[in-house]
Amino acid sequence: MKKTIAALLCSLILLMTACGSYAAAPLPEREKPAGISSALSVKKCAVYSEVYSAVKSAAGSRNAGGAFLEDSSSVQNSAASQKREGDYSATNVQVSGVDEGDIFKTDGSYIYSIADKELIIYAAAGKDSKILSRTNLCGEDEYPVELYVSGDRLAVVLESGMRCAVYNAAANTAADCCAPWGGGKTVVDLYDVSDPAAPKKLSETGQDGEILTSRLTDGRLYVVTNYCVWNDITENAPAGYVPKLYNGDKSSTAAAGDICILPEADSSYAVICAYDIGSGAILKNISILGAGSTLYMNKDRLYLARCDYTDTPSAAKKDSEGTVVDHRCENSTVISRVDLKTLTLLSAGKIPGTLDTSYAMDEKDGYLRTAATNWPYTYSVLTGENETQSSYISGETKSSSGVYVLDSGMNIVGRAENIAPDEYIRSVRYDGDVAYVCTYQQVDPLFAFDLSNPFHPVKLSELKITGFSEYLHPWAEGRLFGLGQGATEEGRVTGLKLVMFDTADKKDVSAIKSLEISGSYSNALYDPNAILIDYGKNLIGFPVDNGYELYSYSDSRGFEKLAALSLDDSGEWDCNMRGAYVGENLYIAGQNGLTVYALGDYSLLTTVKTA
């Protein structure tokens, strides 16, 4: 999960915070501008021959869904808003009520952690914390990625079969090889943890492709994988070009009626399966050829974004040195809209530019709000008179960003463009009717946009400070927290930075306090699940280098370091740690074990080693 491959592209940040005293009156119906037809035709297949034709025609396209970026509704979008009983922290997520898989979970009584290839369950008992069970999760060709806990059920998502038999249709032979990206399969193992000292495996189900991301809501676990067709295919052997579903040792090819095709699709599918978190059974599935990899999901719909790049050559022209062809390259994003209840593809559309992460998308009142950076550039190819070699001449690169609002048919109905020329989006967050977008080149402009009228996005304010925020989080009424990096006036990055924005007046957003800290890296910059953030306890925690740091915040005192924690001499932490509180104790888990501290004075209570 959470895989990000950057390609020619800048980050995008759209951020929404607590409300202020402004209002934008909706336009009368007659004054609503005509939408821009950005909807795309989608094909629902009926027979495998239609699938075969689409895959075969895309065989030359090997970008496997474009650039892979890694996967927000309101101030509720925080771990503190997740529905639960008891005083403990939940995983930091984008959308309230939609859980995200992670390597660490707690239910207030136990700590569940993935360490290497083991599931380790600890008793969350303060100084008396201990390991209750250790369960080997997989074999040589499998690796656990994330887990979920729902009542007495625990689901582990694993990548499997990274070495696979590649079938050669012409020779009717199979050869063992290292599976390319998009090969292998993803497995969901379901456990009964009603007795945490003795977890019982209940089921093993799965789907073709490598894990992109997953979500859990209303008792259904949605798993999205990328399955790419790399091999020779024949029409009468759909198992070679159609994703398979798995139930234990049995497999079945996805039905033709559960496959959809987007325009200009490459040879990769987004395979989406809905699993029953109680039984592990696959309830519904859909495979979309050319759907992409960046996912946003709320409790009703799922959106998938594909990054496209076009290279348009001019007519050849002669000069004194040979033949010149000028090229213009542009990027765009194709977005698919899927209904969760029926798991059907509803519509698809296209916007200019590329999304940074899933946080660049958000749905409100049936409208999808997005923020993207467009990065067009030019180059020329000069071929000499003898035509034996060519020279590439770089041209002009100009970036700008835009906010786009799409209706249920995925037509663009509102837009605000040419934001921050020559800069690119680093983060985005939505808060109700407001979108916050952070761009960066040398300084960090934070923009606030009023989206209350989806047909007329309006820029409310623009704040410029040094550095940039990679992650934005609604902290409290009129306050927006940013975690990122500090920088000089010239744009040289100096280290990690915390900043608190005053968003009470959306037309005059300001930075109240900021703090640059000595650490140089935190996994939380790129993985929001790694952040522990709780306004009620006035607690902000995240890994810093090979330690873990906690901060509090007040308008009068700013950010104050509560603790810089490290293990005792018996071991070392890793950079991918997780922290959670249960009652008055803080638990920090890594690959080497669990360390428990007392909240308040942060005294060490115990260390539970796994080796």
message = List the residues meeting side chain to side chain donor-acceptor pair (under 3.5 Å) with Asp311, not counting sequence neighbours, and say none if there are none.
response = His327, Tyr379

inquiry  = Any donor-acceptor pair under 3.5 Å linking the side-chain atoms of Asp326 with those of Ser380?
reply    = yes

task = Indicate yes or no: at least one non-hydrogen side-chain atom of Thr378 is less than 4.5 angstrom from one of Thr397.
result = no

task = Show the numbers, then the answer: is there a side chain to side chain contact (heavy atoms under 4.5 Å, CB included) between Asp502 and Val509?
result = CA-CA 6 Å; Asp502 181 351; Val509 174; over 6 Å; no

ask   = Does the side chain of Thr354 pick up a donor-acceptor pair with the side chain of Thr333 at under 3.5 Å?
value = no

inquiry  = If we count only N and O atoms by modelled type, under 3.5 Å, do the side chains of Thr217 and Arg215 hold a donor and an acceptor together?
reply    = no

task = Report the C-alpha separation of Lys56 and Ile233 in whole Å, then their side-chain angles, then the decisive distance to 0.1 Å, and conclude whether the side chain to side chain contact (heavy atoms under 4.5 Å, CB included) test is met.
result = CA-CA 8 Å; Lys56 192 70 174 176; Ile233 62 174; 4.2 Å; yes

inquiry  = The criterion is ring pair (Phe, Tyr, Trp, His ring centres under 6.0 Å); which residues satisfy it with Tyr303, sequence neighbours excluded?
reply    = none

ask   = Side chains of Glu516 and Thr494: is there a donor and an acceptor less than 3.5 Å apart?
value = yes

query = Any sub-3.5 Å donor-acceptor pair from Ser522's side-chain atoms to Pro543's backbone N or O?
reply = yes

inquiry  = Is there a side chain to side chain contact (heavy atoms under 4.5 Å, CB included) between Val405 and Ile412? Walk through the geometry before answering.
reply    = CA-CA 6 Å; Val405 182; Ile412 296 174; over 6 Å; no

message = Is there a side chain to side chain contact (heavy atoms under 4.5 Å, CB included) between Asp527 and Arg578? Walk through the geometry before answering.
response = CA-CA 11 Å; Asp527 183 0; Arg578 294 293 189 269; 2.9 Å; yes

task = Evaluate the side-chain hydrogen bond (donor to acceptor under 3.5 Å, both in side chains) criterion for residues Thr383 and Thr323: first the C-alpha distance (whole Å), next the side-chain angles of each, then the deciding distance (0.1 Å), finally the verdict.
result = CA-CA 5 Å; Thr383 304; Thr323 302; over 6 Å; no

message = A quick test of your reading: do over 12 heavy atoms of other residues, nucleotides or ligands sit less than 6.0 Å from CD of Glu264?
response = no

message = To the closest 0.5 Å, what do you measure between OG (Ser287) and OH (Tyr227)?
response = 9.5 Å

remark   = Here the gap from Thr91 atom OG1 to Ile531 atom CD1, rounded to the nearest 0.5 Å, amounts to 12.5 Å

task = Determine the interplanar angle of the Trp475 and Phe481 rings, folded into 0 to 90°, and report it as parallel if under 30°, tilted if 30 to 60°, perpendicular if over 60°.
result = tilted

task = Spell out, as yes or no, whether a donor-acceptor pair under 3.5 Å connects the side chain of Ser57 to the backbone of Ala54.
result = yes

query = Quick one: does Arg426's side chain have a donor or acceptor within less than 3.5 Å of a partner on Tyr440's backbone?
reply = no

key: Min side-chain heavy-atom separation Ile335-Thr370 under 4.5 Å   = yes

key: Distance (rounded to the nearest 0.5 Å) between Leu496 CG and Leu483 CG   = 6.5 Å

query = So how far is it from Tyr471 OH to Leu525 CG, rounded to the nearest 0.5 Å?
reply = 12.0 Å

ask   = Between the side chain of Thr357 and the main-chain N/O of Tyr359, is any donor-acceptor distance below 3.5 Å?
value = yes

Non-hydrogen side-chain atoms of Ser401 and Glu423 separated by less than 4.5 Å = no

message = Keeping Asn92 on the side-chain end and Pro528 on the backbone end, is there a donor-acceptor pair under 3.5 Å?
response = yes

ask   = Do side-chain atoms of Asn411 reach the backbone of Ala39 as a donor and acceptor pair under 3.5 angstrom?
value = yes

message = Using modelled atom types and a 3.5 Å cut-off, is there a donor and acceptor pairing between side-chain atoms of Gln94 and backbone atoms of Ser358?
response = yes

key: Contact check, side chains of Ser514 and Phe559, non-hydrogen atoms, under 4.5 Å   = no

ask   = So, the side chain of Ser399 versus the backbone of Thr373: is there a donor-acceptor pair under 3.5 Å, distance only?
value = no

Test applied, side chain to side chain contact (heavy atoms under 4.5 Å, CB included); reference residue, Tyr269; option that passes from Thr225, Val51, Asn226, Ile261 = Val51

inquiry  = Quick one, Glu159 with Thr186, criterion side-chain hydrogen bond (donor to acceptor under 3.5 Å, both in side chains). Give me CA distance, side-chain angles, the key distance, then yes/no.
reply    = CA-CA 5 Å; Glu159 288 183 341; Thr186 295; 5.7 Å; no

ask   = Are Pro457 and Asp450 close enough that some pair of their side-chain heavy atoms sits under 4.5 Å apart?
value = no

For Ile288, the option from Val224, Ile259, Val271, Val338 that meets side chain to side chain contact (heavy atoms under 4.5 Å, CB included) = Val338

Pairwise side-chain contact, Ser469 with Phe501, heavy-atom cut-off 4.5 Å (strictly under) = yes

key: Heavy-atom pair of closest approach, residues Leu472 and Cys438   = CD1-CB, 4.5 Å

ask   = Just wondering, do Tyr296 and Val95 contact through their side chains at under 4.5 Å, heavy atoms?
value = yes

request  = Kindly state each residue pair satisfying salt bridge (charged side-chain N to carboxylate O under 4.0 Å, His left out) with at least one member in residues 290-301, sequence neighbours excluded.
outcome  = Asp218-Lys299, Arg301-Glu363

ask   = At what distance, to the nearest 0.5 angstrom, does CG of Leu302 lie from CZ of Arg337?
value = 11.5 Å

key: Main-chain N/O of Ile512 paired to Ser510 side chain as donor or acceptor, under 3.5 Å   = no

query = Do any N or O atoms from the side chain of Lys459 and from the backbone of Ile419 form a donor-acceptor pair under 3.5 angstrom?
reply = no

task = Working to the nearest 0.5 Å, report the span between CG of Asn331 and CH2 of Trp375.
result = 9.5 Å

ask   = Without hydrogens or angle criteria, can the side chains of Asn285 and Gln207 be said to hold a donor-acceptor pair below 3.5 Å?
value = no

message = Less than 4.5 Å apart, side chain to side chain, heavy atoms only: is that true for Met410 and Leu40?
response = no

